[in-house]
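Lettering follows sequence order; numbering is per chain, from 1.
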Amino acid sequence: MSEISKSYEARDVEAKWYAAWQEAKCFAGKAAPGQETYTIVIPPPNVTGILHMGHVLNNTLQDALIRRARLEGKAACWIPGTDHAGIATQTMVEKHLKKTEGKGRRDLGREEFLKRVWIWRDEKGDHILKQLRELGCSCDWDRTHFTMDPGYSRAVLTSFIKLFDGGHIYRGKRMVNWCPVSLTALSDEEVEMRPTKGHIYRLRYELVEPSTTTDAEGNVIPLTHLILETTRPETIAADVAVAVHPDDARYTRLVGKAVWRPLGERIQIPIIADAAVDPAFAAGALKVTPAHDKVDFEIGQRHRLPVIDALHPDGTMNEFAGPELAGLERFAARKKAAEILHERGNLIEAKPHENNVGHSQRAGVPIEPRLTQQWWLRYPRVEEAKQVVRDGLIQMHPERWSKVYLNWLENIQDWCISRQLWWGHRIPVWYAKGIDRETLTEADLRDPTKIHVSLDGPADVENWIQEDDVLDTWASSWLWPFATLGWPDAEAQAKAGFSQFYPTTTLATGADIIFFWVARMIMAGLEFTGTGGELQPGQGAEGEGQKEQADQTSVHPRPKPLAPRLTESELKARIPFKHVYFNGIVRDKQGRKMSKTLGNSPDPLDLIVKYGADGLRFGLLQSAPLGQDVKFDEDRIESGKGFCNKIWNAARFRQISGPMSDNSSLHAILCRLDPSRCDDDDHAILTALLDTTRTLERSFADFEFAGATQRLYSFFWNDFCDWYVEVAKTRVQDPAAKDHALAVQDLVIRQFLLLFEPFAPFITEELWSLLGYAPADKRFLQDTRLDTASALAAAIAARGITADPVASERVEKLKQVASLARQLKTDQAVPQKRDVRFFVLARQAEWLALEKSAAKLARLVGAADIGRTTEKLALPAIVTPLGTLYLDTGVKIDAAAERTRLTKELEAVTKHIAGTEARLGNEAFTSKAPPAVLEGARKQLADQQAKRAELDRLLAALR
RNA sequence: GGACGCUUAGCUCAGUUGGUUAGAGCACCUCGCUUACACCGAGGGUGUCGGGGGUUCGAGUCCCUCAGCGUCCACCA
């Protein structure tokens with residue numbers, strides 16, 4: 001045991017212990033037969049990501065949970081890994097290529113490009129996992145997964161095949177959200193609606209045959225054109241109709257007639273009636289452009305209208321937009337179109353207009369609704385996914401998120417899972433050479449001579465062409481909780497301990513990915529895991545039958561009828577996690593989300609250097625109430641560091657105070673206690689210790705981390721350091737009482753370190769070691785079990801010490817006396833010297849209570865001594881719960897000032913008494929309030945009355 | 001247009017099922033380097049608990065309503 005240095009140097013300690021933990025494989029997730037497990041899968045960060053404050057919060061929470069579980073004796077397993085992050089990574093590499101080589105991905109070709117991405121990944125990837133180590137995260141690093149690893153990829157492709165075979169997947173030409181920058185389709189979830197300022201253009205479409213309409217009074221008036229409004233005049237050349245509401249009397253006569261299309265080829269387009277048109281909006285007429293708007297597309301379908309696509313995939317106009325616009329970028333084209341319409345007299349006015357426009361979440365540009373061939377998924381197990389949350393098999397914290405979740409599932413839409421990217425899992429579908437992909441029917445998809453679907457591809461691969469598209473990243477990460485445990489390979493599952501660690505226990509993540517990830521994982525877990533007999537071919541018990549799957553190269557069964565609903569026990573076995581904890585978003589002081597572009601996010605690594613990993617962890621959690629956003633404040637982190645330093649010094653003081661006797665087990669420390677020497681302070685601190693232990697149990701059960709950290713803070717700093725250690729100083733100097741007093745401190749510090757370790761693993765480990773708490777055969781803190789409050793209470797009781805609840809009250813009173821004494825000194829402008837004396841005017845019983853504590857009290861308040869007086873003194877006085885306290889400074893009393901002070905005090909007391917009397921005088925109150933409240937009020941009144949009486953006497957004495 | 005969250009001290013936030021005189025940290029002021037810690041100790045708070053209404057003996061806490069801020073969902077051209 002070496003000497004503890006004067007201040008806590010976090011960085012040295014952190015590096016040393018992390019290496020030791022890894023060396024000893026402390027974080028390995030291994031379960032003994034029958035052992036309770038606690039599993040967390042990390043929300044896999046982007047493989048090329050950099051640690052930001054959101055990660056710090058999220059991972060600190062996970063680490064706290066997993067470390068606590070370890071201390072509770074559970075087999076804890078925290079599975080780390082990274083996500084290949086399709087679009088994000090591909091975009092990053094493309095940018096890099098452009099910059100360094102001036103090339104695009106198509107210049108390199110698919111194979112070469114992918115090679116470059118892998119090189120990039122190997123160079124820049126996994127950096128974030130190293131950063132998590134700096135933070136102290138106790139992941140089982142040997143289980144690190146990457147969504148593009150061979151095993152994981154196999155899981156992803158297997159899931160596709162299973163869903164395909166089950167009839168959940170289809171291919172279809174439908175409207176998708178197209179990103180003109182990334183050149184791929186996106187799912188609805190990847191589209192963000194943003195209020196966007198633009199213009200709305202009021203246009204006239206000339207009627208081919210002038211007609212008449214009826215005004216509000218029923219008068220028939222001539223009509224030469226239709227008025228309609230659009231925000232996208234550049235797409236007019238792709239208009240194929242104008243629609244009005246069928247019940248709109250203004251236009252009844254016009255339906256079936258035609259207008260001239262004002263841009264592009266001057267052709268006639270029909271006026272049709274469709275209920276999708278809102279007659280109250282603008283003029284009640286809508287230009288129908290099926291290729292460029294979802295609603296228009298649907299109208300087009302209903303009326304069998306042609307589709308004219310006027311845009312290139314990259315967002316520039318094509319030849320269908322007309323010679324004036326072709327080649328222009330879409331927003332330039334919009335301007336140009338408006339100019340042309342103006343020149344032709346079709347533009348009535350252009351008004352500034354703000355509307356919600358779908359933007360690509362990643363690229364930040366408006367998306368284009370675009371008609372393309374894509375792969376779609378009908379979500380499996382939707383009903384069961386609702387049920388498991390509704391029935392509480394999966395609990396969300398805070399609970400309110402389950403409503404958001406259920407609402408989404410109620411309105412769920414098919415998932416566009418194909419992406420026109422290269423970086424990702426290439427869809428395991430091969431088309432027979434020579435077939436036309438555009439015209440494939442649902443039946444063709446099931447025809448093995450036309451379509452081949454398998455893990456390893458067709459044997460005669462030369463006759464086939466593989467699908468170009470890859471899967472949406474989320475269509476791989478939705479398998480994360482079980483693919484990381486070996487699914488679907490039986491051997492891998494056995495090795496990973498699937499049967500023990502699945503379902504995982506808690507998922508900690510941000511609510512921003514509740515749809516992207518959480519909901520989908522639940523459906524995937526329900527669909528793919530489990531050992532029930534109703535499963536589809538190739539999914540036998542514990543993933544057996546995968547070989548069979550691999551052989552399934554030529555036969556694809558017809559879609560199965562919907563799988564039967566799962567039973568309660570199947571649901572329980574298949575859910576991917578039991579709890580979902582949604583942590584808040586870390587915001588800056590102004591409440592803005594922290595982001596790279598704003599530059600308002602501090603680098604966590606800098607903070608670790610400045611405040612230590614423990615300081616950062618503790619500081620952040622202190623300000624992270626359940627499910628509430630966190631406003632980041634560096635002062636909090638600083639206070640986290642300050643707390644660590646306080647703990648450090650308390651430990652150091654303990655070491656200085658006396659020999660470190662046997663600390664190697666709870667039992668050893670308990671044996672050093674001398675029950676006969678237990679005083680009120682011992683009882684009070686042990687009571688507080690048990691209470692803190694109990695609070696922590698509740699906090700972890702309820703995911704109330706802020707409460708937990710606050711409790712630890714106030715217990716250690718206020719209860720232990722500020723009071724217990726201070727009052728114990730007197731006893732520690734008494735050879736007879738010393739051993740006992742130090743044993744109590746050792747007991748408190750030991751339990752505190754165990755409670756604190758999940759939040760601050762480094763400093764606790766260091767002190768655990770320095771103070772000799774580690775048994776000979778168990779080097780690390782985590783090797784010792786954390787006793788529950790009741791177990792600890794029982795152990796202490798077994799040593800003959802039962803916490804005396806009244807002792808805490810007496811100590812509270814003493815604390816008040818100390819505080820009042822100091823107050824009196826400050827009031828009298830007495831510096832904190834010791835040459836003052838206090839006298840207590842106390843009855844015999846009170847004095848007996850005080851006398852025992854007089855010496856330590858004197859020390860606490862900085863007095864030479866505290867004596868008793870039986871008569872009133874002409875000295876500055878203050879009324880305390882244990883009698884009137886006089887301060888003798890040796891200076892003549894300033895009677896006037898004293899009178900003022902006491903009068904002020906008297907006024908406050910009188911006011912309080914009046915309030916209490918009024919309450920107690922109220923019959924409604926005395927008859928209806930519970931006895932405890934009533935008694936409390938009476939006691940309070942009595943106390944205050946006694947105080948008033950004493951103040952009256954003191955004032956009288958001053959005359 | 002729906003749904004949810006937030007509004008308490010200068011700042012960041014606690015306030016359990018309604019029950020003494022609403023708390024903590026930071027910041028600020030005063031005093032103190034008392035042999036663990038100046039990353040410390042002691043003392044210092046007159047807060048319309050966002051506004052209004054209601055229920056109740058009693059409301060920061062429950063109900064209604066309004067306002068501001070934030071988030072999510074939604075096809076209004």
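- Following rounding to the nearest Å, A:Y713 (OH) and B:C26 (C1') show an atom-to-atom distance of 9 Å.
- Looking at heavy-atom distances under 4.0 Å, A:S714 makes no contact with the nucleic acid at all.
- Within the shown strands, B:G2 is the pairing partner of B:C72 under the Watson-Crick or G-U definition, both distances less than 3.5 Å.
- Comparing the same atom, C1', in B:G54 and in B:C69 gives a spacing of 26 Å after rounding to whole Å.
- A salt bridge links A:E234 with A:R232; the closest basic N to acidic carboxylate O contact falls under 4.0 Å.
- Nearest nucleotide to the A:R652 side chain, out of B:C37, B:U20, B:G43: B:C37.
- The same atom, P, is picked in B:A42 and in B:A36; the two are 15 Å apart, to the nearest Å.
- The pair A:E935-A:R938 does not count as a salt bridge, with every side-chain nitrogen at least 4.0 angstrom from each carboxylate oxygen.
- A:K641 forms no cation-pi arrangement with A:Y8, by the criterion of a distance under 6.0 Å to the ring centre and an angle within 45° of the ring axis.
- Closest to the A:T826 side chain, of the nucleotides B:A36, B:G43, B:U21, is B:G43.
- Nearest to the side chain of A:R587, among B:C4, B:U71, B:G43, sits B:U71.
- Pair assignment for B:G60 gives none, since no Watson-Crick or G-U wobble pairing has each distance under 3.5 Å.
- With a cut-off of 3.5 Å on both Watson-Crick or G-U wobble distances, the partner of B:C13 is given as B:G23.
- As a whole-Å value, the separation of A:F632 CZ from B:C13 C1' is 15 Å.
- Rounded to a whole angstrom, the distance from the C1' atom of B:U46 to that of B:U8 is 16 Å.
- A:R636 comes within 4.0 angstrom of a base, heavy atoms only.
- Checking A:R698 against A:Q944, the closest nucleotide of RNA chain B that is more toward the 5' end is the one next to A:R698.
- Comparing the P positions of B:G2 and B:U65 gives an interatomic distance of 13 Å, to the nearest angstrom.
- Remark: B:A77 base-pairs with no nucleotide; criterion is Watson-Crick or G-U wobble with both hydrogen-bond distances under 3.5 Å.
- With B:A36, B:U20, B:U12 as the candidates, the nucleotide lying closest to the side chain of A:R919 is B:U20.
- Counting atom types as modelled, A:Q622 pairs no side-chain N or O with a base atom of B:U12 as donor and acceptor under 3.5 Å.
- One can place CD of A:E905 at 16 Å from P of B:U21, the figure rounded to the nearest angstrom.
- Nucleotides of RNA chain B nearest to A:T926 and A:K403 differ in position, and the one nearer the 5' end is that of A:K403.
- A:E935 comes within 4.0 angstrom of no nucleic acid atom, judged by non-hydrogen atoms across all strands.
- Taking atom P on both nucleotides, B:U7 is separated from B:U48 by 16 Å, rounded to a whole Å.
- Note on A:E726: a base of the nucleic acid sits closer than 4.0 angstrom, heavy atoms only.
- Atom CD in A:E638 sits roughly 15 Å away from atom C1' in B:C11 (whole-Å rounding).
- Ionic pairing of A:E638 and A:K610 is not present here: no N-O contact between side-chain nitrogen and carboxylate oxygen is shorter than 4.0 angstrom.
- In this structure, A:D702 places its CG atom 15 Å from P of B:A14, rounding to the nearest Å.
- When each of B:A42, B:U12, B:A36 is scored by its nearest atom to the side-chain atoms of A:D722, the top-ranked nucleotide is B:A42.
- Using atom P as the reference point in both B:G51 and B:C37, the two lie 47 Å apart (nearest Å).
- Using Watson-Crick or G-U wobble geometry with both donor-acceptor distances under 3.5 Å, B:A42 finds its partner in B:U30.
- Within 4.0 Å of A:A937, counting heavy atoms only, lies no atom of the nucleic acid at all.
- One atom, CZ of A:F643, and another, C1' of B:C39, lie 13 Å apart when rounded to the nearest Å.
- Ion pairing between A:R520 and A:E189 holds under the 4.0 Å rule for side-chain N and carboxylate O.
- B:U7 and B:A67 make up a base pair, with Watson-Crick or G-U wobble contacts both under 3.5 Å.
- Taking side-chain N and O atoms only, A:K729 has a distance below 4.0 Å to OP1 or OP2 of B:A36.
- Comparing the P positions of B:C66 and B:A27 gives a spacing of 42 Å, expressed to the nearest Å.
- Within the 4.0 angstrom heavy-atom criterion, no nucleotide atom of any strand lies near A:C644.
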Give each protein N/O atom lying under 3.5 Å from an N/O atom of nucleotides 72-77 of chain B, with the pair distance.
from, atom 1, to, atom 2, distance (Å)
B:A74, N6, A:N356, ND2, 2.8
B:C76, O2, A:D278, OD2, 3.0
B:C76, N3, A:D278, OD2, 3.0
B:A77, OP1, A:N355, ND2, 3.1
B:A77, O3', A:T231, OG1, 3.3
B:A77, O2', A:E229, O, 3.1
B:A77, N6, A:D278, O, 2.6
B:A77, N6, A:F281, O, 3.3
B:A77, N1, A:D278, N, 3.1

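- With a 6.0 Å cutoff to the six-membered ring centre and a 45° limit on the axis angle, A:R919 counts as a cation-pi contact of A:F925.
- Side-chain nitrogen and oxygen atoms of A:K6 include at least one within less than 4.0 Å of the OP1 or OP2 phosphate oxygen of B:C37.
- B:G47 and B:C11 have their P atoms separated by 15 Å, with the value rounded to a whole Å.
- A:L621 places its CG atom 16 Å from the C1' atom of B:A14, with the value rounded to the nearest Å.
- The number of heavy atoms from other shown groups lying within 6.0 Å of NZ (A:K815) is above 12.
- Contact annotation for A:Q823: backbone-only contact, meaning every heavy-atom pair under 4.0 Å involves sugar-phosphate atoms and none involves a base.
- By the 6.0 Å contact criterion, NZ on A:K351 is enclosed, its count of non-hydrogen atoms from other residues, nucleotides or ligands being greater than 12.
- Summarising the local packing, NZ of A:K294 is surrounded by 12 or fewer heavy atoms from other residues, nucleotides or ligands at distances under 6.0 Å.
- In this structure, NE2 of A:H397 is placed 18 Å from C1' of B:G5, rounded to the nearest angstrom.
- A salt bridge is absent between A:E726 and A:R859; no separation between the charged side-chain nitrogens and carboxylate oxygens falls under 4.0 Å.
- In this pair, A:W401 and A:F582 present their aromatic rings tilted. The plane angle is within the 30 to 60° band.
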